[in-house]
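The sequence lines fix the lettering, A, B, ..., with proteins before strands; numbering per chain opens at 1. Only a predicted model underlies this, so the values are computations on that prediction, with no experimental measurement involved.
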Protein chains: 2
Amino acid sequence: MPRRSSSTMDVLLGLLTIEPMSGYDLGLTIRSSVGFFWSESYGQIYPNLKKLAANGFVNAKTERQKGKPDRRIYSITGKGRERLANWLALEPQPEIPRNELLLKLFFGAQASPESLTQYVDRMAQREGAVLARIAQVEREIAAGKQYPGTPYWRMAARFGQLELEAHLRWAKQTLGELRKIADKHRQSGHRKAKHHGNQ
Amino acid sequence: MPRRSSSTMDVLLGLLTIEPMSGYDLGLTIRSSVGFFWSESYGQIYPNLKKLAANGFVNAKTERQKGKPDRRIYSITGKGRERLANWLALEPQPEIPRNELLLKLFFGAQASPESLTQYVDRMAQREGAVLARIAQVEREIAAGKQYPGTPYWRMAARFGQLELEAHLRWAKQTLGELRKIADKHRQSGHRKAKHHGNQ
DNA sequence: AAATGCATGTAACGCGTTACATGATTTT
DNA sequence: AAAATCATGTAACGCGTTACATGCATTT
């Protein structure tokens, strides 16, 4: 969002070093490879591909298909590789933090324990699923053909694993504490009218 | 950044439940309390306080000081508390992920092992410092007066602890692997001309 | 004398998401 | 017949950062 100059064009260049691709493919590839630590929308991808092409960082050619719409296939140029190298040589800036779940939890005294529990629970489910997918990807990387990128892909995947495992451990702890709070809450007369027994 | 409606005004309201404050104070408080999972710039804080006041979510009064500029002290209203409660009852949306360090690592085959090492190392130093600060805050929370918010503040702090510890473990592993790669790199003739001994 | 801290604010700028448009084919 | 998939694109909108403006007091 800021003056810290977007890396969108550079991600695209990076992915095009693996293989020439269309904008559509780039979108799919982003989701399925770097998806757990990076995302781009098509509203961002297509205009940036145009800009890359206009500046000679990529070449484009149209591929006709029968039955399906034409595809514009982009491939990285020497100039593009140079730009990518320059970007890679720049130290990544620390992220500006923004975690809305933690924010709502921080103000938890103003909220209902039930909703907080639900938020943490949902987050754990979601991240558990991502963790499983990363483990799957890891196995595929290990079993599949070795590319020059392979060791680096594993490092990135490993980050996801460790971080998500930490999140899940935290969620477990936190759900326990929230439960205790909710129990006290109920005891002290905040009970909601609710049926017990067969509904 | 998106259509997912900003939470800036709601953070401000949340903090004002603790104590009436000026915009300046809010900036400082954000940095020192929720800083590791949320940030707001003054270019965001001041206009949003105005909007909150214009809509009756907060009251403002000017406090004269000698020697220093006047302060506008904001306090939350009943209507403001209502808005905050509504926001808290909305499930937080999963973050769109953006980690530039991982992105550069993912494209590591196109970069120099030395710079990657530096990036990971710096990140570890930075996060190590944050971890120490969180531990410090945790101790202060535990030792200090108990507020209604206390248990929730600890949950948030605990999240930071677990996540950052995971990051540091990962950094250690990863630095080891990068070192191995760099060694191989040097062996296979990528050695840089460099002086040994007294420079 | 210059820089820093306190304190409030506005303006520029651009990034990024969502929504919309188009149109053929295949699946339900 | 309707919906989904493939595929490329544009436009609107607003969030959020940076930079700038102001001005007094204290510290270096």
Side-chain angles (χ1 to χ4, degrees), chain A residues 1-12 20-32 34-35 38-54 58 60-74 87 93-100 103, chain B residues 1-12 20-32 34-35 38-54 58 60-74 87 93-100 103:
Chain A
M1 49 217 54
R3 190 73 71 261
R4 62 169 86 245
S5 90
S6 167
S7 13
T8 301
M9 289 200 271
D10 301 290
V11 200
L12 299 178
M21 273 184 272
S22 68
Y24 190 75
D25 289 339
L26 282 163
L28 295 181
T29 305
I30 287 170
R31 258 195 282 279
S32 68
V34 297
W38 201 264
S39 59
E40 295 289 352
S41 59
Y42 285 113
Q44 198 71 347
I45 292 173
Y46 286 117
N48 277 296
L49 278 173
K50 279 212 159 174
K51 267 170 78 178
L52 284 170
V58 298
K61 63 174 170 213
T62 301
E63 193 186 274
R64 230 135 298 192
Q65 302 182 116
K66 43 186 173 186
K68 292 180 188 173
D70 292 358
R71 294 155 50 84
R72 301 229 78 203
I73 306 292
Y74 294 90
W87 173 71
Q93 295 306 302
E95 346 268 313
I96 45 139
R98 290 225 140 182
N99 184 328
E100 206 180 305
L103 197 57
Chain B
M1 49 215 56
R3 189 74 71 260
R4 58 171 87 246
S5 92
S6 167
S7 11
T8 300
M9 288 201 270
D10 300 290
V11 199
L12 299 178
M21 272 185 273
S22 68
Y24 191 75
D25 288 341
L26 283 163
L28 296 180
T29 305
I30 287 170
R31 258 195 282 280
S32 67
V34 297
W38 201 264
S39 59
E40 294 290 350
S41 60
Y42 286 113
Q44 198 70 347
I45 293 172
Y46 285 116
N48 277 295
L49 278 174
K50 280 212 159 176
K51 268 169 77 178
L52 284 170
V58 297
K61 63 174 168 213
T62 302
E63 192 186 273
R64 232 136 298 193
Q65 301 182 113
K66 43 186 172 188
K68 293 181 188 172
D70 291 357
R71 294 155 49 84
R72 302 229 77 204
I73 307 292
Y74 294 90
W87 173 71
Q93 293 306 302
E95 346 269 312
I96 44 139
R98 290 225 141 181
N99 184 328
E100 206 180 307
L103 197 57

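- Comparing dT8(C), dT18(D), dT10(D) by their nearest atom to the side chain of K50(A) picks out dT10(D).
- Take T62(B) and apply the side-chain hydrogen bond (donor to acceptor under 3.5 Å, both in side chains) test, not counting sequence neighbours, and it matches R72(B).
- OP1 or OP2 of dG16(D) lies within a sub-4.0 Å distance of a side-chain N or O belonging to R98(A).
- Legend: residues meeting side-chain hydrogen bond (donor to acceptor under 3.5 Å, both in side chains) with W87(B), ordered by chain and number and at least two apart, are absent.
- For dC15(D), the OP1/OP2 oxygens have no side-chain nitrogen or oxygen of T8(B) closer than 4.0 Å.
- Counting only residues at least two apart or in different chains, salt bridge (Lys or Arg N to Asp or Glu O under 4.0 Å) contacts with residues 39-49 of chain A comprise E40(A)-R98(B).
- With sequence neighbours left out, S22(B) forms a side-chain hydrogen bond (donor to acceptor under 3.5 Å, both in side chains) with D25(B).
- Here dG9(C) is the nucleotide among dG9(C), dT8(D), dT8(C) with the atom lying nearest to any side-chain atom of Y74(B).
- The C1' atoms of five pairs define one axis at each end of the helix from dA1(C)-dT28(D) to dT28(C)-dA1(D), and these two axes lie 30° apart (to 10°).
- Taking 4.0 angstrom as the limit, Y24(B) places none of its side-chain polar atoms (N or O) nearer than this to OP1 or OP2 of dT8(C).
- Contact between the side-chain N/O atoms of Q65(A) and the OP1/OP2 oxygens of dA7(D) is found at a separation under 4.0 Å.
- G23(B) comes within 4.0 angstrom of the backbone, heavy atoms only, and of no base.
- Here the nucleotide nearest the side chain of S41(B), chosen from dT17(C), dT17(D), dA7(D), is dT17(D).
- In this structure, of dG16(C), dT8(D), dA7(C), it is dG16(C) that holds the atom nearest to the side chain of S6(A).
- For the pair D70(A) CG and dT8(D) C1', the interatomic distance rounds to 10 Å; values are reported in whole Å.
- For dT8(C), the OP1/OP2 oxygens have no side-chain nitrogen or oxygen of R72(B) closer than 4.0 Å.
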Atom pairs under 3.5 Å, N or O on each side, protein against nucleotides 23-28 of chain D: can you list them with distances?
from: dA25(D); atom 1: O4'; to: G67(B); atom 2: O; distance (Å): 3.4

